[in-house]
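For reference, the structure is listed below as structure tokens.
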Amino acid sequence: MAGELNGKKILILATNGFEQSELEVPRDRLKAAGAQVDIVSPESGEIKGWDKKDWGRPVKVDKPLSGAKADDYDAIVLPGGQINPDLLRVNKDALALIKAFYDSGKTVAAVCHAPWLLIETGIAKGRKMTSYNSIKTDVINAGAKWEDSEVVTDQGVITSRNPGDLEAFSKKIIEEIREGKHERKAA
């Protein structure tokens, strides 16, 4: 609904190779709900998406990763695809930013292969989660309780499986942001 997130700021962290719909659908739904949404990346200018089987459309980067702080935002959204989270999970600044959102009790949302980032930060351990099926074993081996559901939420950490889940994923992000900060043990 329009206006649900007026005054809220959302950070979408991505780099080249993000799954096109997994960035665009949440971005568009969050903006439609009234949120300010910033695309943050280690790259400047534009980043290019991956659209199913080939390169997709570029998306404008609003802010460099080096200038982004969790304190300035209410939530972080992590789109998947295979390339995007694989590049980000070896970027210490990206991991530190994700961890800062988590440690401050803010909403952290990851879809498809992006739960790799929750594994790298230690957030996955002990948490109920889902992911793209091909990384199910990675999620389980990281200590998470994996389930095959379109969206799984555990104390403000939201995960979804694939582009078919994006409407439920986006609705859950809006709901969790409206709830505010979440009490949780640091990972």
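Side chains included, hydrogens not; waters and symmetry mates left out as well; all remaining heavy atoms used.
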The test is side chain to side chain contact (heavy atoms under 4.5 Å, CB included); show your working for Gln155 and Arg127 and say whether it passes.
CA-CA 9 Å; Gln155 296 180 311; Arg127 192 146 319 283; 3.4 Å; yes
Between Arg161 and Asp148, is a side chain to side chain contact (heavy atoms under 4.5 Å, CB included) present by the stated rule, with each step listed?
CA-CA 8 Å; Arg161 302 171 300 193; Asp148 187 14; 2.9 Å; yes
Working for side chain to side chain contact (heavy atoms under 4.5 Å, CB included), residues His113 and Ser134
CA-CA 8 Å; His113 287 74; Ser134 70; 3.4 Å; yes
Derivation and outcome, side chain to side chain contact (heavy atoms under 4.5 Å, CB included), residues Tyr102 and Thr121
CA-CA 9 Å; Tyr102 177 81; Thr121 55; over 6 Å; no
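Phe169 and Trp50 sit in two unconnected hydrophobic clusters of ILVMFWY residues. Membership requires side-chain heavy atoms under 4.5 Å apart, directly or through other members. In this structure, Ile177 is a member of the same hydrophobic cluster as Val25, with clusters built from ILVMFWY side-chain heavy atoms closer than 4.5 Å. Residues Ile83 and Val59 are members of separate hydrophobic clusters, defined by side-chain heavy-atom contacts under 4.5 angstrom among Ile, Leu, Val, Met, Phe, Trp and Tyr. Under a hydrophobic-cluster definition in which Ile, Leu, Val, Met, Phe, Trp and Tyr are linked whenever side-chain heavy atoms come within less than 4.5 Å, directly or via other members, Tyr132 and Leu118 are assigned to different clusters. In the hydrophobic clustering of this structure, Met129 groups with Phe101; members are Ile, Leu, Val, Met, Phe, Trp, Tyr whose side-chain heavy atoms approach within less than 4.5 Å, directly or through other members.
Checking side-chain atoms of Thr15 against main-chain N and O of Asn84 turns up no donor-acceptor pair under 3.5 Å. For the pair Glu22 (side chain) and Gly81 (backbone), a donor-acceptor distance under 3.5 Å is present. Within the 3.5 Å criterion, the main-chain N or O of Ile10 finds no donor-acceptor partner in the side chain of Asp74. At distances below 3.5 Å, not a single donor-acceptor pair connects side-chain atoms of Gln36 with backbone N or O atoms of Gly7. Side-chain N or O atoms of Asn16 include none that pairs as donor or acceptor with a backbone N or O of Ile47 at under 3.5 Å. When atom types are taken as modelled, the side chain of Lys106 and the backbone of Tyr73 share a donor-acceptor pair closer than 3.5 angstrom. Checked by atom type and distance alone, the side chain of Asp38 never pairs as donor or acceptor with a backbone atom of Val40 at under 3.5 Å.
In this structure, Lys63 places its NZ atom where more than 12 heavy-atom neighbours from other residues, nucleotides or ligands lie under 6.0 Å away. Around the NZ atom of Lys9, the shell of radius 6.0 Å holds more than 12 heavy atoms that belong to other residues, nucleotides or ligands. For Gln82, the CD atom is loosely surrounded, since the number of other residues' heavy atoms within 6.0 Å does not exceed 12.
With values rounded to the nearest 0.5 angstrom, Thr159 atom OG1 is found 10.0 Å from Trp146 atom CH2. Taking NZ from Lys92 and CD from Glu120, the interatomic distance works out to 14.5 Å, rounded to the nearest 0.5 Å. Taking CG of Leu13 as the start and CG of Leu97 as the end, the distance is 6.0 Å to the nearest 0.5 Å. Taking CG of Leu78 as the start and SG of Cys112 as the end, the distance is 12.0 Å to the nearest 0.5 Å. To the nearest 0.5 Å, atom CG of residue Leu65 and atom OG of residue Ser44 are 12.0 Å apart. A distance of 11.0 Å separates CZ in Arg29 from CD1 in Ile173, rounded to the nearest 0.5 Å.
In this structure, Pro115 and Thr130 approach most closely via the heavy-atom pair CG-O, 3.7 Å. Taking both residues in full, the closest heavy atoms of Asp51 and Arg57 are given as OD2-NH1, 3.6 Å, listed atom of the first, atom of the second, then distance. Smallest separation of non-hydrogen atoms from Gly56 and Gln20: CA-OE1, 3.3 Å. The two residues Pro79 and Ala114 come nearest to each other via the heavy atoms O-CB, 3.5 Å. Of all heavy-atom pairs between Thr153 and Gly156, the closest is CG2-N, 4.1 Å. The minimum heavy-atom distance between Val61 and Ser41, with the atom names listed, is CG2-CB, 3.8 Å.
Between Lys172 and Glu175 there is a salt bridge, with a side-chain nitrogen of the basic residue lying less than 4.0 Å from a carboxylate oxygen of the acidic one. Glu4 and Arg178 are joined by a salt bridge, as a carboxylate oxygen and a charged side-chain nitrogen come within less than 4.0 angstrom of each other.
Contact of the Leu30 side chain with the Ser170 side chain is not registered, since no non-hydrogen atoms from C-beta on lie closer than 4.5 Å. No side-chain heavy atom of Ser66 sits under 4.5 Å from any side-chain heavy atom of Asp93.
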